[in-house]
Amino acid sequence: MSINSFGHLFRVTTWGESHGPALGATVDGCPPGVPITPEMIQHWLDKRKPGQNKFTTQRREADEVRILSGVFEGVTTGTPIQLMIENTDQRSKDYGDIMDKFRPGHADITYFQKYGVRDYRGGGRSSARETASRVAAGGLAREAIKAIAPGVQITGYMVQMGPHMIDRDAFDAREIANNPFWVPDAQAAVDWAEYLDGLRKSGSSVGAIIEVTAKGVPAGIGAPVYGKLDTDLAAAMMSINAVKGVEIGEGMSAAMLTGELNADEISAPSPSEDIVEIMLDGATLDGTGAYIVRPQNANDKERWFMVKNVHHYVPKDDGILLQVARKELNKRLISSGNLPVVIPSGPRYSSNHSGGILGGISTGQDIVVRFAVKPTSSILTTRKTITKTGEDTEIITKGRHDPCVGIRAVPVGEAMMACVILDHLLLHRGQVGENRGHIGPA
Ligand SMILES: Cc1cc2nc3c(=O)[nH]c(=O)nc-3n(C[C@H](O)[C@H](O)[C@H](O)COP(=O)(O)O)c2cc1C
């Protein structure tokens, strides 16, 4: 049974449990020649690491990744890659008084009903420590994606904590890394801090909604019927601990729309193949008709550059869409140390209710997935439960816990998106090669 694995070609198997000596991921099917170092993976693990601020569990784990196989002289060899993370702060005694009780909201009871064995140490395999392995695999997937589709950008952020939603009009992607909640709204970050601090002090917890987008995924990725991109994304997100709902694009709200409102209207692509589009954080006119542009996530001024021959300049919620001559843009991108490949211009859509996927296949628009996590079950309030021998009892969960697991679920959602996108890029390359369905004059 391969129930600890996911992915068709980029196949990830995770192993280990919360309080064992180590856990990790075995990745099979990664293309050879992908430059990778432990530091590249560590970057993403550090984002998920516990104990970074008062809003996440105080369990102190270094979450240091080691690459045990499949990489030689800094590149993947095409053979299985073993990623290992040692558990260094397992205090099993935190769980001693719950050995014979089932924690409500946890998988203690169902694992016992299924296997008849109780690993009471932090939930054993059902613990969200397992998600560290996914984040490690996701870090590797991100590097492999760069080699196949360099324009792809995967970003996760929180859009709701308990009853508090972000203000979509105040959405600023640059804010995501500036606060402990990965929230793209500066005011929400302030309000949420006060709200969550109150909950934390009272020993309670709250749920959240996380949105993960993948920009720059070429049109045509995915597969029909049983291999749909949205099917795989939904399964990937739903497999994360505490996730109770997943939606793509308009999701559940689509039920409230009419056909006129929901259908994303299509209009003709840019008249010339040589015109490409690029999303930017910012661009300003320098007075001579040239634009000074700031690529997304390029805080370093040296990576800003000047571009001429701009055909169109479209302000969007999360940046600026620039249509520009491909040759000009690539020249400027390379000389400023940015990636040369840009997203080819394609059909235009009036909106993105589809979440970038039609019939299980990407449209070339942003892929948008949201998932809801339930409130942390381990709370300091006494709850009713039963013992292994079936008697009624009560329980307080005293271990170290997150008041809102949504925070640390953000990098996990990003990792799952990266693994699924890479898997489908590889599947597409295997079956179709280059994109076939050219739209435009023959
Ligand atoms: C990153 C992350 C951290 C988590 N940390 C905790 C925690 O500290 N305490 C807790 O009760 N649940 C935590 N959870 C959720 C539990 O692991 C999860 O609710 C439990 O295993 C039962 O599985 P289910 O909710 O998916 O049914 C966390 C989830 C994630 C994604």
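Computed over heavy atoms, backbone and side chain alike; hydrogens, waters and symmetry mates excluded. Numbers for residues simply follow the sequence, beginning at 1. First listed ligand is number 1; within each ligand, the first listed atom is number 1.
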Chemist: Tell me whether N352 contacts the main-chain N or O of D366 through its side chain, where contact means a donor paired with an acceptor under 3.5 Å.
Modeler: yes
Chemist: So, taking the atom named OG1 in T213 and the one named CD1 in I367, what distance separates them when rounded to the nearest 0.5 Å?
Modeler: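 The CD1 atom of I367 is 9.5 Å from OG1 of T213, to the nearest 0.5 Å.
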Chemist: Below 3.5 Å, N or O to N or O, backbone or side chain included: is there any such pair between R48 and ligand 1?
Modeler: no
Chemist: Applying side chain to side chain contact (heavy atoms under 4.5 Å, CB included), can you list everything that pairs with S202, at least two apart in sequence or on another chain?
Modeler: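 S202: side chain to side chain contact (heavy atoms under 4.5 Å, CB included) contacts with S204.
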Chemist: Which atoms of ligand 1 sit under 4.0 Å from any heavy atom of K374?
Modeler: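 Once the distances to K374 are compared, the set is 19 (O), 24 (P), 25 (O), 27 (O).
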Chemist: Is the contact between R103 and ligand 1 made by the side chain, the backbone, both, or neither, using heavy atoms and a 4.0 Å cut-off?
Modeler: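 Under 4.0 Å from ligand 1, R103 contributes no heavy atoms.
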Chemist: Need the ligand 1 atom indices (1-based, order shown) with element for anything under 4.0 Å from a heavy-atom of S378.
Modeler: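 Near S378, meaning under 4.0 Å from one of its heavy atoms, ligand 1 has 9 (N), 10 (C), 11 (O).
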Chemist: Do D28 and R11 meet the salt-bridge criterion of a basic N to acidic O distance under 4.0 Å?
Modeler: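 Not counted as a salt bridge, because no side-chain N and carboxylate O are separated by less than 4.0 Å.
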Chemist: Does the ring of W44 carry K49 above it, NZ/CZ under 6.0 angstrom from centre and within 45° of its axis?
Modeler: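 No, a cation-pi geometry is absent between K49 and W44.
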Chemist: Go through R142 and I154 one step at a time and tell me if the side chain to side chain contact (heavy atoms under 4.5 Å, CB included) criterion holds.
Modeler: CA-CA 8 Å; R142 281 182 187 261; I154 294 169; 3.9 Å; yes
Chemist: Going by heavy atoms, is G123 under 4.0 Å from ligand 1?
Modeler: no
Chemist: Does ligand 1 come near enough to S126 that some N or O of the ligand is less than 3.5 Å from an N or O of the residue?
Modeler: yes
Chemist: Closest by any non-hydrogen atom to atom 31 (C) of ligand 1: pick that one out of V405, N241, I379.
Modeler: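 Answer by nearest heavy atom: N241.
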Chemist: Assess G105 for proximity to ligand 1: is some non-hydrogen atom of it under 4.0 Å away?
Modeler: yes
Chemist: Going by the rule ring-ring contact (aromatic ring centres under 6.0 Å, His included), which residues pair with Y349 if we only count those two or more places apart in sequence or in a different chain?
Modeler: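 In terms of ring-ring contact (aromatic ring centres under 6.0 Å, His included), with neighbours along the sequence ignored, Y349 is linked to no residue.
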Chemist: Going by the atom numbers of ligand 1, which of them fall below 4.0 Å from some non-hydrogen atom of A128?
Modeler: 2 (C), 3 (C), 4 (C), 17 (O), 28 (C), 29 (C), 30 (C)
Chemist: Taking atom 12 (N) of ligand 1 as the point of reference, which of T376, D108, T131 owns the nearest heavy atom?
Modeler: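 Going through T376, D108, T131 one by one, T376 has the nearest heavy atom to atom 12 (N) of ligand 1.
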Chemist: May I ask you to check whether A409 has an N/O atom sitting below 3.5 Å from an N/O atom of ligand 1?
Modeler: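 The answer is no, given that A409 and ligand 1 share no N or O pair closer than 3.5 Å.
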Chemist: Considering the heavy atoms of D402, write down every atom of ligand 1 situated less than 4.0 Å from one of them.
Modeler: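 In order of number, 5 (N), 8 (O).
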Chemist: Which of the atoms in ligand 1, numbered in the order shown and given with their element, are less than 4.0 Å from a heavy-atom of H106?
Modeler: 10 (C), 11 (O), 12 (N)
Chemist: Please list, in number order, the atoms of ligand 1 under 4.0 Å from a heavy atom of R408.
Modeler: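 With R408 as reference, the close atoms of ligand 1 come out as 1 (C), 3 (C).
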Chemist: Can you say whether the rings of F102 and F112 are parallel (under 30°), tilted (30 to 60°) or perpendicular (over 60°)?
Modeler: tilted
Chemist: Between R370 and E247, does any NZ, NE, NH1 or NH2 come within less than 4.0 Å of an OD or OE carboxylate oxygen?
Modeler: yes
